[in-house]
Structures are given as C-alpha cells and as structure tokens.
Amino acid sequence: CGTVVAVALSPNESTLASLSEDSTLRLWNCHTRKELWSVPWSVGLDGSITFIDDNKLLVGTGRKVGVVSSIDGTTVSICPSSLYLDLASPIIGALGTTKAALLSSSPTKREVQFSLLDTSHWTRVLTINGNLEMKGMSLRSIAPNAAVVCAEKATLFLGHTDGTLELRRLENGALESTIVVPGHIEKLALSPEGTLLAVGLFDGSVILYQRESMGELRRFSPPSSTRVTGLSFFPDGTKLLASYANRHALLWEFAESPLM
C-alpha cells in the first residue's frame with residue numbers, strides 16, 4: 001500500500017486512519033486490524049490527518065485539503081486551493097469541530113503561511129504570512145517541516161529540518177521560545193490534555209517533552225533507523241503511535257504519569 005505518510009487515531013480508539021504515498025486514504029478497525037474502506041487522495045510529498053470527531057476526518061496534502069466522513073470515506077467538503085499556498089504541503093490540525101489550523105509553504109516562492117480556517121464554509125479566520133526575510137515571523141533557511149497547535153494556550157509549535165523547534169503565539173506569530181532538538185524534525189504531536197509534545201525525527205527517534213518546561217522526558221528509538229512519517233497520541237495520553245518510512249508502525253507506551 002506504499003509508505004504511510006500520516007496516521008491518526010479516532011477519539012474513541014476504535015479506528016485508525018492512514019494516508020499513503022500511493023495516494024490512498026484508509027480507515028482501519030483497531031480491534032480486528034482489518035481495513036474498513038479506502039479512497040483515492042492525491043498525496044504528493046507529504047500529508048496530514050486528524051480526527052475532527054469520531055465521524056469526520058480533516059485530511060491535507062500538497063494537492064488537496066478537505067473533510068472526509070470516517071463512516072464511509074465520502075468527501076464532505078474540499079478547501080479551495082486559494083486558501084493555501086500553490087506549492088504547499090499543508091500541515092493541519094483540528095481545533096474543535098469547525099476550525100482547522102493549516103500551515104503551508106512554498107519553497108520556490110520562499111513563503112510560508114499559517115491560517116485558521118472555518119471548515120463549515122471554508123473561510124479564513126486568521127492568517128499569518130511570512131518569508132525568509134521577515135523579522136515578525138522569521139523563518140529558517142528551510143521552511144517549517146512540522147507544526148502542531150495548542151488551542152488552549154493559543155500557541156503554535158513549528159519544527160524545522162535543522163532541528164529548531166519554535167513556540168509562537170497564534171494571534172501574531174510572535175516568537176516565545178526556541179530549543180534545538182538533536183536531529184531533523186519530521187513530525188510533531190501534542191497529547192490530548194496538551195501537557196506532552198512528541199517530536200519525530202528523520203532517524204526514527206521519537207522524543208517526548210513536557211510542553212510547559214520543554215524538558216525531555218523520554219526518548220524512543222525503533223530497531224532500525226528510518227524516518228518518522230506519522231505521530232498520534234491515544235486519547236488517554238499514555239500511548240503514542242508512530243509510523244515509519246519502512247512501512248512499519250510502532251506503539252510506544254509510557255507510564256500513566258510520565259512527568260514523574
């Protein structure tokens with residue numbers, strides 16, 4: 001079925017969605033491990049999936065962003081391409097049931113755009129534009145490669161391929177703090193309660209951080225070095241699902257109180 005580029009677990013932990021390089025979106029039954037349905041979804045170089053609720057998925061790639069029914073795979077709505085950059089590889093996240101956070105970039109145009117969108121009729125709520133020369137939302141020599149939004153704190157984490165992890169304010173893109181992680185950042189994921197941040201690296205490592213202090217808590221390494229292509233926390237926040245470029249997936253489990 002091709003390399004998996006994104007995974008997401010439903011809030012009720014009954015189904016798992018995956019997006020593959022063969023341009024297929026699939027839904028799996030977590031209990032029987034059987035495929036429930038599959039639909040074509042143009043992928044390009046990368047993609048992201050997140051559950052809006054148990055019945056709807058938010059799916060984004062460099063060629064297509066939209067809402068899909070998790071019941072039967074039918075497309076509910078498609079985001080107009082005018083709402084993100086032409087050569088984008090959108091990185092997305094759901095904020096509640098009607099808002100979506102979308103980060104898109106165009107390396108050839110040296111631009112990046114962060115938007116909050118209303119998915120009920122696909123309109124912009126907030127847009128932050130940046131380029132390599134801007135000071136207000138300064139970018140690295142390589143545009144952000146991963147992003148995750150903390151709605152409760154109105155903040156945005158941006159991960160760069162040079163290992164820089166930035167924390168920014170949603171309302172204006174202002175930089176709050178920066179740390180450097182030991183490797184090329186591929187994926188980011190925030191735990192359901194917002195206290196843990198998982199960072200997936202090019203070498204396959206997954207590092208767990210405490211979000212407030214950004215102190216490292218755990219580090220998970222796969223048996224062989226291979227790029228992390230997807231990260232998704234379980235709803236209880238004690239397990240983390242990671243997919244890899246070698247078509248494998250690993251479930252990392254940690255103690256109920258990883259902060260101790």
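Predicted model only: the values in this text are computed from it and were never measured.
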Using a strict cut-off of less than 4.0 Å between a Lys/Arg side-chain nitrogen and an Asp/Glu carboxylate oxygen, indicate whether Glu176 and Arg169 qualify as a salt bridge.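 Salt bridge present between Glu176 and Arg169.
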Ion pair check, Glu212 and Lys153, cut-off under 4.0 Å: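 Lys153 and Glu212: salt-bridged.
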Can Glu186 and Tyr244 be said to form a side chain to side chain contact (heavy atoms under 4.5 Å, CB included), step by step? CA-CA 11 Å; Glu186 288 288 335; Tyr244 297 88; over 6 Å; no
Mark yes or no for whether [X], through its side chain, and [Y], through its backbone, hold a donor-acceptor pair below 3.5 Å.
X	Y	value
Ser243	Gly230	yes
Arg211	Gly194	yes
Ser70	Asn55	yes
Thr119	Thr98	yes
Thr61	Lys64	yes
Thr229	Val4	yes

How long is the gap from [atom1] on [X] to [atom2] on [Y], to the nearest 0.5 Å?
X	Y	atom1	atom2	result
Glu193	Asp236	CD	CG	9.0 Å
Leu19	Ser42	CG	OG	9.5 Å
Ser221	Asp203	OG	CG	7.0 Å
Ser115	Leu102	OG	CG	6.0 Å
Leu167	Leu175	CG	CG	8.0 Å
Leu57	Thr15	CG	OG1	7.5 Å

[X] and [Y]: which non-hydrogen atoms are nearest, and at how many Å?
X	Y	answer
Ser77	Trp122	OG-NE1, 3.0 Å
Gly237	Pro192	CA-CD, 4.1 Å
Phe51	Leu27	CZ-CD1, 4.0 Å
Leu156	Ala147	CD1-CB, 4.1 Å
Ser14	His31	CA-NE2, 4.2 Å
Val199	Leu231	C-CD1, 4.1 Å

Hey, are the side chains of [X] and [Y] touching, using non-hydrogen atoms and a 4.5 Å cut-off?
X	Y	value
Thr164	Glu166	yes
Val148	Leu197	yes
Leu208	Arg219	no
Leu240	Phe234	no
Leu165	Ile185	yes
Tyr209	Val181	yes
Ser20	Val5	no
Ser18	Leu25	no

side-chain contact (heavy atoms from CB on, under 4.5 Å) partner of Lys99, the single match among Asp118, Leu116, Leu117: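 It is Asp118; the other options fail the test.
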Tell me whether [X] shares a hydrophobic cluster with [Y], the cluster being built from Ile, Leu, Val, Met, Phe, Trp, Tyr side chains joined at under 4.5 Å.
X	Y	value
Val39	Ile78	yes
Leu188	Val180	no
Trp37	Ile49	yes
Leu83	Val76	yes

List the steps, then state whether side chain to side chain contact (heavy atoms under 4.5 Å, CB included) holds for Val228 with Val206. CA-CA 8 Å; Val228 175; Val206 177; 4.1 Å; yes
Yes or no on side chain to side chain contact (heavy atoms under 4.5 Å, CB included) for Thr155 and Arg168, after CA distance, side-chain angles and deciding distance? CA-CA 6 Å; Thr155 52; Arg168 293 183 174 274; over 6 Å; no
Whether the Ser38 and Glu35 side chains hold a donor-acceptor pair (N or O, under 3.5 Å, no angle test) is what I'd like checked.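 Yes.
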Checking Trp41 against Ser23: is there a side-chain donor and acceptor pair closer than 3.5 Å?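 No, because no side-chain N or O of Ser23 sits under 3.5 Å from a partner of the opposite role on Trp41.
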Aromatic rings Phe202 and His184: how do their planes relate, parallel, tilted or perpendicular, breaks at 30° and 60°?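 Tilted, since the angle between the ring planes falls between 30° and 60°.
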